[in-house]
Amino acid sequence: MLRDSTTEPRPDIQLEALTLAVAADLPVLLWGEPGIGKTAALTQLAAALDLPLTTVIASVHEPSDFSGLPVVGDDPAEQGVPMAPPDWAVRLVRAGRGLLFLDELSTAPPAVQAALLRLVLERRIGALRLPPGVRIVAAANPRSSAADGWELSPPLANRFVHLQWTHDQDVVVRGLGGTWPRATLPRLDPDGLAEAVGYARRAVCAFLTARPGLVHRLPSGETRRGGAWPSPRSWEMTLCLIAFATAAGSSREVLSLLVRGTVGDGPGLELMAGLDRMDLPDPETLLADPSGAVLPERGDLRQAVLDGVVAAVRKRPEKSRWDAAWALLARAMETGAPDVVVVPATTLAGLRRQDWDVPASIDRLAGAMSLSRRADRAADRAAARNAGTAKAAR
Amino acid sequence: MNTPASSTAASAPTPVSAPSPAPPQVSASARASAPPQVSVSAPADPQARTDPQTRTDPRARTDPQAPVRLDLDKLFAARLQAARARPYLATALFALCVVPSRRVPTMAVDRYWRCYASPVFVDRTPLEELAGVWVHEVSHLLRDHHGRGDRVARERGLTGPAERLRMNIAADCEINDDVFGDGLVRPEGAVDPGLLRLPEGQLMEDYLRQFRLGRLTESVAWLDCGSGADGLEREWDLGPDGADGLSEQERDAVRFRVAQGINARPGHAPKGWQRWAEQAFHPPQPWRELLGAAVRSAACGGGAGEDYTYGRPARRSASLPGVVLPSLRRRPPRVAVVIDTSGSVSDAELGSALLEVAAIARAVGGRRDLVTVVPCDAAARVAHSLCRAEGIPLVGGGGTDLRTGFSKALRGRPAPDAVVVLTDGQTPWPDTRPPCRTVVGLFPRQRARASWDEDDPDHVPDSPPDWVRVVEIGSAPPGGR
C-alpha cells in the first residue's frame with residue numbers, strides 16, 4: 001500500500017530535455033547529488049519509451065567488463081584471444097533495444113572511464129556491437145559531493161550531453177504525498193524534420209562562421225573541468241539537438257538546457273542569443289513592405305531590428321529604401337515605446353543625401369524627437385546637479 | 001523594541017505602510033480612490049515622527065486629487081536618458097516591459113523583467129531622477145538579486161517579509177554605491193551603505209550579515225523594489241503566466257548580451273559592472289572543492305596511486321580459469337607540499353591552505369607520513385614529514401625562489417606522486433616540467449604591485465607555467481548565478 005502512487009501531467013523541462021536527447025540518440029550524462037531521483041527519472045523514461053532498462057554501476061566494475069575479458073582458448077597463437085563481453089551486454093544485444101544506464105560514472109577509476117570511452121563512442125563491448133536500438137544514459141555525482149571521485153576526462157566529457165539534475169521541492173512533497181508528475185513527452189513531426197535540419201544547419205554554421213574561435217576550445221581553468229566544451233563533435237551534437245527540438249516544437253528553455261549541456265555555458269548561451277537574432281525579421285523583407293511589417297514587441301529586440309534596417313540602408317543607400325525605413329520607424333513609433341526609435345532615427349537622418357526630400361512620414365516621428373530633446377535637457381540638469389553635489393562635497 | 005520598520009514589515013508583506021509625517025493630508029477621497037494597500041496609516045510608533053532622521057516617503061506626498069494617469073512619455077524619456085548615460089545597459093533597459101500599477105509605492109520589478117511604475121511617483125519625480133531609478137531597477141535584475149535572495153534565504157534559514165526587506169536594503173546597498181553620478185542623478189531617499197554605516201563595495205550577501213532592522217533602517221521601511229529585488233512575490237505581480245514576461249532563457253540571453261557588451265569594451269563600464277560581467281556566467285567556485293579535485297586527480301591519476309594493473313593476478317582469477325583478469329592495486333600516493341613562506345603570504349592564508357592540503361591528502365589515502373612539507377622562501381631548507389605531531393615550523397620571509405623548493409621536493413626518496421605548491425605567484429618558476437603532476441594553490445594578489453618597485457620598475461612576476469593546474473585560493477563569493 002505504501003508503494004501505491006498516481007501520476008499527474010506536469011511540464012518538466014529537465015525530463016523533456018532528457019527525452020529529446022535520448023530520442024536523438026545522443027549519450028546523456030545526468031549530473032546530480034546522490035538520492036535526487038535520477039534513477040527514478042530513468043525508470044519513468046524507459047517506461048514511457050517502452051524500452052527495457054539495464055543499469056550498470058560503473059564504479060564497481062572493472063575495465064575488462066566494458067572492453068571484454070580476454071579468454072585464453074585452446075590455441076591462442078592460432079585463433080587469437082577473444083574478448084568476451086559480460087552477460088548484460090549479451091542480453092542487451094539479443095533484445096536489440098533498450099536503455100543502458102551507466103550509474104556512478106564519476107566515481108569510476110580512470111582505467112574504467114577509458115574503457116567506457118569506447119562503449120559510449122563506438123558502442124562496442126568487447127567483440128559485441130550495441131544495436132542502434134540501444135540508448136545510453138549515464139549519471140554522475142558533482143565533484144562537491146563525490147568525496148572520492150575522479151573528475152571526468154575531457155575526451156569522455158565531450159561525448160555526452162550534460163544535464164544538471166535538480167529536484168523541485170514542490171514535486172517531491174507532492175510525490176511523497178502520492179502523486180508524482182508525469183511529463184508529456186515531445187513528439188517529432190516527421191514532415192517538419194527536413195525544414196528543422198535546414199534551420200539547425202543555418203544556425204550553427206552562421207554562428208561558427210562568426211566565431212571561429214569557438215569551433216574547438218579545450219576547457220581551461222579549474223571551474224570548467226569535467227564539463228561540456230565545444231569541439232566539432234559536440235557542435236555536431238548541437239546541430240542534431242536543434243533539429244530535433246525544432247521538429248518536436250520544444251520550448252527554448254529545453255533547447256537552452258541541451259545546447260549549454262553540449263558545448264558549455266558560454267558558447268551555448270551565445271548560440272541561443274544568435275538563434276534569437278535569427279528569428280528576427282529580415283531587414284530587406286521589412287524594407288520591401290514597410291506597411292505590412294510586424295515588429296517584435298520586446299524593446300531590445302525591436303531596437304535590434306530597427307538598427308538592422310538602418311544598417312541595411314547604409315549599406316545600399318537609395319532614396320526609396322531611405323523612405324521605406326522612415327515609414328518603418330513611424331510604424332514602430334505608433335506600435336511601441338517611443339524611446340526605442342530615437343537612436344535609429346538619428347542615425348537614419350544622418351544618412352540623408354542632399355537631393356533627397358524629407359518624406360511626409362517624418363511628421364509621425366515628432367514625438368520621438370521631442371522625447372529626445374526632453375532627455376537631453378534632463379541630462380543637462382543631471383550634469384548640473386552632479387557638479388553641484390560634487391562642489392558641496394568638497 | 002518594536003520599531004516601525006520591523007513591525008510594519010512583519011504584519012503586512014508589502015508594500016509596508018509607512019510612517020507618514022503628515023497624516024491629516026490624506027483625505028477620505030484619496031483612501032477611496034487608492035487601493036487599500038497603499039492607504040497611508042498613522043505611524044505605529046510615535047518615535048518615528050519625532051525622529052529627525054526620518055526621510056519622507058515619496059508616497060506621503062500623494063496628491064489627494066483624483067488618480068493620476070501614468071505619464072508614459074516622461075517614463076520613456078527617462079529611460080532614453082538612462083540608456084544614453086549607460087549605453088552598456090541599453091539592451092537590458094529596453095527589454096523591460098512597463099506595467100502601470102497603483103499598488104506599487106514607487107517603481108518595482110519582478111523576476112520576469114516587468115517594471116511596475118506608480119503613476120503618482122512618476123508624476124512627482126523629476127525626469128533626471130527617474131533615469132536613475134530605471135538603472136537602479138534594471139541592476140536588481142541583471143545582478144539576479146531575486147535568485148540570490150532565494151538562495152540566501154534557503155542557506156541561512158531566513159523567512160518572513162522582514163528578512164526580505166533586509167535583503168532589499170542590502171541589494172540596494174550593493175547597487176547604489178557606484179551606480180549614480182556620471183550623468184545620473186541619485187534619486188531622493190536612495191539607500192547606500194553609508195546610511196547603515198557600512199563600508200562600500202560589498203555584495204548583497206555580505207551586507208546582509210552586517211545590519212538588523214532598527215533605528216538606522218527606520219527611514220527606509222517603505223523601500224520596495226519588488227520581487228525582482230528580493231524574491232518575495234508581491235500581490236501586484238503578474239506572475240509567470242502574465243503578459244510580456246521574459247522566460248528564463250530570454251532573461252539569460254539579455255543578461256548575457258549585457259555582460260558581453262561590457263566585456264567587449266571594458267574601458268566604458270565602471271569596475272563594479274566589469275566584475276559582474278566577468279562573473280555573471282562563470283561564478284567562481286569554492287576553492288576548497290577545486291583544490292581538492294586538483295590534488296585528488298594529481299595524486300591518483302594514471303601512473304600513480306590506485307589503478308588497474310595486470311602485474312599480479314586478480315582475486316577473481318581463481319574462480320575463472322582461462323580468463324585473464326586485471327587486478328586493482330593501490331599504492332598510497334606521496335604528496336609533497338611546497339609552501340611559499342616569503343613575506344608576501346600571510347600566516348592565516350598559509351594555515352588554512354595547509355590544513356586543506358593535509359585533509360585532501362588523507363582523503364585520497366595518503367598516510368600522514370607520506371605527505372612532506374617543504375617551506376621555501378629564497379632557499380628551501382628541510383623537507384618535513386607531516387607525521388610530526390608538534391607541527392612544522394614555517395620559517396622564512398623576504399623574497400621567494402620556488403625553484404629551490406621544487407628541486408628539494410623532487411629529490412625526496414621515494415619521489416612524490418604529486419607536488420602541491422602554495423604561493424602568491426611572485427616567484428620565478430622552473431624551466432622544465434617536473435616528472436610528476438603539479439598543482440598550484442595561488443593566493444590572489446594585485447598585479448599592479450610591481451609598478452612601484454624602486455629597484456626594478458619594469459619587473460612583472462612570471463605567471464605559473466601552463467603545465468601546472470592552478471587553483472585560485474580565497475576567491476570571492478559567487479556574484480552571479
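Just so we're on the same page: letters track the sequence lines, and every chain starts at 1. What you see below is based on every heavy atom in this structure, not just the backbone, and it leaves out hydrogens, waters and symmetry mates.
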> Could you go step by step and tell me if A/R385 and B/E129 meet the salt bridge (Lys or Arg N to Asp or Glu O under 4.0 Å) rule?
Replying inline: CA-CA 11 Å; A/R385 272 176 67 172; B/E129 281 188 24; 3.1 Å; yes

>> Let's go through A/D339 and B/R84 carefully: what are the C-alpha distance in whole Å and the side-chain angles of both, what is the deciding distance for salt bridge (Lys or Arg N to Asp or Glu O under 4.0 Å) to 0.1 Å, and is it a yes or a no?
In response: CA-CA 11 Å; A/D339 51 344; B/R84 280 175 178 170; over 6 Å; no

>> If you apply the rule side-chain contact (heavy atoms from CB on, under 4.5 Å), what do you find for A/L371 with B/Q81, and how did you get there?
In response: CA-CA 10 Å; A/L371 197 77; B/Q81 195 214 326; over 6 Å; no

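Inter-residue side-chain proximity for A/L257 and B/Q249 is flagged as unmet; no heavy-atom pair is nearer than 4.5 Å. Put simply, the side chain of B/R257 reaches to within 4.5 Å of the side chain of A/R277, judged on heavy atoms.
Ranked by heavy-atom pairs under 4.5 Å with chain B, the first of A/M272, A/R381, A/R302 is A/R381. Per-residue heavy-atom pair counts under 4.5 Å with chain A were compared for B/L127, B/V254, B/D182, and the maximum is reached by B/L127. The most heavy-atom pairs under 4.5 Å with chain B, out of A/S370, A/A304, A/S256, A/A337, come from A/A337. In terms of heavy-atom pairs under 4.5 Å with chain A, the best-connected choice from B/R79, B/Q260, B/E250 is B/R79. Contact count against chain B (heavy-atom pairs under 4.5 Å) is highest for A/P338 among A/P338, A/S251, A/A383. Chain A forms the most heavy-atom pairs under 4.5 Å with one residue out of B/L246, B/L75, B/L72, and that residue is B/L246.
Within the 3.5 Å criterion, the main-chain N or O of A/A379 finds no donor-acceptor partner in the side chain of B/E128.
When all heavy atoms of B/G183 and A/A382 are compared, the closest pair comes out as O-CB, 3.6 Å. Closest approach of B/F256 and A/G266 over heavy atoms only: CZ-O, 3.7 Å. Of all heavy-atom pairs between B/L80 and A/S372, the closest is CD2-CA, 3.7 Å. Residues A/E253 and B/E248 share a closest heavy-atom pair of OE2-N, 3.3 Å.
For A/D380, no part sits under 4.5 Å from any heavy atom of chain B, backbone or side chain. With a threshold of 4.5 angstrom between heavy atoms, A/V342 approaches chain B through side-chain atoms but not through N, CA, C or O. Of the two parts of A/E297, neither the backbone nor the side chain holds a non-hydrogen atom closer than 4.5 Å to a non-hydrogen atom of chain B.
Residue-level contacts of residues 89-99 of chain B with chain A, in order of numbering, are B/T91, B/F94, B/A95; threshold 4.5 Å between heavy atoms.
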